[in-house]
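Remember, it's a predicted structure, so these values are computed and weren't measured experimentally.
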Amino acid sequence: MCTLPYADKDRTESCSTPITSYKTIYLKVLHRLRLIANFIGPNMIPIMKWMFLLVLAAVPIVTIITIMINQTMELERIPENEKLTDITSAGYLMTHYNSTIMAAKPWESTHRLSQYIRPQQYFINLFPNLEQGSFVGSVDISIVLDTPQSYIKLHSKGLNIKETKLNSSSVTAFSYPEHEFLVIVPNEELNAGEYKLHLSFEGSLLNKIVGFYRSVYTDSKSHEQHYIATSKFEPTYARLAFPCFDEPQLKSKFKISLTRPSGNNYIALSNMNQESEELNVPSNGLTTVHFANTVPMSTYLACFIVCDFQSLESVKADQGFPLTVYARNGQSENMKYAQQVGLKAINFYVNYFGIQYPLPKLDLIAIPDFVSGAMEHWGLITFRETSVLFKEGVSSSTNQEQVALTVAHELAHMWFGNLATMKWWNDLWLNEGFASYMEFKALEVVHPDWDVDTLFLIHSLQSVQYLDNKLSSHAIVQDVSHPDQITEIFDVISYNKGSSVIRMLEGMLGEEVFRIGVSAYLKRFAFNNAETDDLWAELQTATQNTVDVKKLMDTWTRQAGFPVVSAIRNGTKLNLKQQRFLSNPSVDSSANPSPYNYKWEIPITYITSNNNTVHKFWLTKDVDSITIDIPDVEWIKLNHRQVGYYIINYSENDWNLLNKLLEKNVDALSAADRSNLIHDAFSLANANYLPYGIALNMTKYLSLEHHYVPWDVAATNLNALRNNLYQRPAHQNLEKYVQNLLGNLKENFWNDSNNRNFLQRRLRGVILNMGCLYGLPNYQTTVYELFKRFLVDKIQPNPDIRYTVYYYGMSQGNASEWDKLWELFLSEQEPQEKIKLMVALTAIKETEILTRLLQYAKNESYVRSQDYFIIISQISRNPVGTQLVWDFLRDEWQYLVDRFSLNDRAFGRLIPSVCSNFNTNERLEEMKVFFDKYPEAGAGKAGRKTALEVVSNNIKWLENHEAAISNWLINSI
């Protein structure tokens, strides 16, 4: 192997040159130099001629020695997993064709693969050695070249390539780490046509939870450690498991074979059903399992698992295929709820889309170490254990909601994402936005008593507006190329804003027209790839051209942010005007222009005091304002059920009328509309569009509120106030105000009644959590008593209040009680319970213990990598731990980068999480200094911008609102 150094950049390319070829190089170069000498010196005297030749003869010798020395030095700088073995022919460097290509380096001009090279079929063989933590494999890829090609590039990262052949002949291959390419250079140009590419390779399963990796768990009975091999490839991690064309539009079929241990109940799972298995020969305790060929799909949807898990008996979907669930020993029974949700959801989707599920089986499996909540591998969906396991008497109603939504989300991907896939990651929302909306439609069928459409507001719409109102937000559809950019857009804009504008679109078009258009889109692009405009075209057809869908929706998907609509009533006239809503309206937004000038096509809806008829009309981007006629009514409520992705700002008089309406008759408006009013009022007040007193007035009716969602919205906004006012003079008065609100509630929420329905159970959790957070004396006494009963007598609280008891009990606890909780955390086997205990450990008020916990968390035998950023963020939210974590991040940044890499999006979200409550100029300067010291942010680039904007806004917030809030609180307690 040799390395070809770049002249202009600090990086190297590796290629393979056998030592035996140096003689060839020498002879060829010497021959050419003799020709030169004969050409330029025919009249030289013989002795001078031979002296000249002697000097020239030394040139190739010196050159070869220099190359060998340079090669040795460069080899030492190349990671082992990027070195390639001898896969070239002798004399490669002297081949004019190869030299020309190598000198031009055309592959470095883009992060994208060629659009003229298409894989048709993969044959993948993998053997994960679970004990050693390594794997070996081979892949044969049938490819089609649409045009002649001088080289072939595909993706490979962290793999040691052992052999490369094209049509059975060895060819040159070298890695290009900057773009994660493996570049194959033949000895002559390849004509258009079909080719067979073979590669063998080896890699590591250790120190990662993406790609192909090893997960570990401890058996609850034997207490022995067990290893499994599993995979997670979205978005750009299939290349860590096998060389491949790792872009979503390059769909192919996959014929997969996995080698597993023959005994100890080990099984192998993949996307398709098992076709056969065979004992390895010679007998070495291994069995190779062969799976059926897949349908055409993207590389990120492939899945490889070797494990010793157990399964429940399969259930049959209406279509007839089996739905099977798997989990580690002792947890399979806790997959039953997920299986039931999955069965109802999959049947709903088949009927709703009018498209059969295209695979012969569907598996759900709980993975002990998993970087995401879940992953929609086609036919084999993988989940983090806390996102899919549900155990009666242990799991809370919050856990149940999370499991139901996650399962429904991943099953929606079987159509949105898997069957019809975005062409490129800039249209990620076509996958994630739709799945994030369809999960709620499925849940309405699974749990019709949950008021799912109202739950949507706090899960998706309102939560994303807190980010989308920043200047640092981005459009739903945005250009990305580098893997860091790709992983970074798996954010709330793609998921939550995407789902919110889809919900709004359905509200515009009507449920049936929407369903027909979506079904047509999926049928047209089945087993293929699509762009956002393709969806608009199908929906346009479904509307029979009554609505210009693209014109409407481009204003929502191709520019950042959302509008605030001012609504001013004057008798029977209603004037409406739109502008971009920003959390800090005074910022200069000219640096981020929009092709639509931050105007939107807005579907306006409203109801009035006359009746509940929903009136609809449009506020278009082409007019500054409109005035419409309305009846002479007592009150008007716009944006019915908050279906529209915008904020309404009424006149102060209308805000007061709506507030009095709720105090008089809480059920005059739906729970969705009540939560909408609270959300809009606080959003407007935070941004200085509305006096803060009006927003706070909207909370006075809460002692009458009986629905979980409005209370949750109020709690979110009051808690934000509390964070901003922490250790400020107004903080104590805010606590008194909230204590009075809760003190007026008639229900005893500490009573473990079994008569509460799901929404009442969720409400109970919100109320008790608020009471403890705001220091209501009887709440604090009760929670600490329950906590001590748990530590001493092992009497566990009701699952719905368990988190509250653990956390707020520990916040009042001492070092001895923390040690007991730590031991309980270490020994706990139920994943959801373990997370509750882990978070509770961060509540202690002793700096020394939190400092110790920061170091404990580094140990993966204590805290799994998947949970590391959870515990760090939770420590930072404890006022005692904020400074500790901020110092820890700055002191140990390189440790975090080395462990997780800048490509890790959870790592990228850590900075905005830790810094979210900073509100001083000193903190802002510290952040800038830190970012200057470590300018490379990877998948955290946008997060840093958001963090700086949030802290700047926090500073201005105190300047603008602290005095007014303080006065309001003094007059209200």
Between the side chains of [X] and [Y], is a donor N or O closer than 3.5 angstrom to an acceptor N or O?
X      : Y      : result
Thr454 : Asp451 : yes
His413 : Glu432 : yes
Tyr645 : Asp468 : yes
His474 : Asp491 : yes
Arg762 : Thr398 : yes
Asn431 : Tyr495 : no
Asn723 : Asn719 : no
Asn575 : Thr627 : yes
Glu506 : Tyr437 : yes
Glu705 : Tyr701 : yes

Look at the side chain of Lys497 and the backbone N and O of Gly561, then say whether any donor-acceptor pair between them is shorter than 3.5 Å.
yes
Looking at Ser675 and Ala672, would you say the former's side chain and the latter's main chain have a donor-acceptor pair under 3.5 Å?
yes
Where does the angle between the aromatic ring planes of Trp429 and Phe434 fall among parallel (under 30°), tilted (30 to 60°) and perpendicular (over 60°)?
tilted
Which word best sums up how the rings of Tyr521 and Phe525 line up, parallel for under 30°, tilted for 30 to 60°, or perpendicular for over 60°?
tilted
Closer than 4.0 angstrom, basic N to acidic O: yes or no for [X] and [Y]?
X      : Y      : answer
Arg641 : Asp673 : no
Arg569 : Asp654 : yes
Glu401 : Arg761 : no
Glu512 : Arg515 : yes
Asp752 : Arg764 : yes

Sole candidate of Phe456, Phe758, Tyr708 that passes ring pair (Phe, Tyr, Trp, His ring centres under 6.0 Å) when paired with Trp450
Phe758
With a 6.0 Å cut-off on ring centres, are [X] and [Y] close enough?
X      : Y      : answer
Tyr646 : Phe562 : no
Trp968 : Tyr737 : yes
Tyr689 : Phe581 : yes

Taking Gln465 as the fixed residue, which of Val492, Ile647, Asn496 is the one that meets the side chain to side chain contact (heavy atoms under 4.5 Å, CB included) rule?
Ile647
Considering all heavy atoms, the nearest Val501-Gly498 contact
CG2-O, 3.3 Å
I need the minimum non-hydrogen distance between Ser397 and Asp800, along with the two atoms involved.
N-OD1, 2.7 Å
Show your reasoning for whether side chain to side chain donor-acceptor pair (under 3.5 Å) applies to Asp622 and Thr620.
CA-CA 5 Å; Asp622 300 320; Thr620 70; 4.6 Å; no
From CG (Leu661) to OG (Ser609), nearest 0.5 Å
8.5 Å
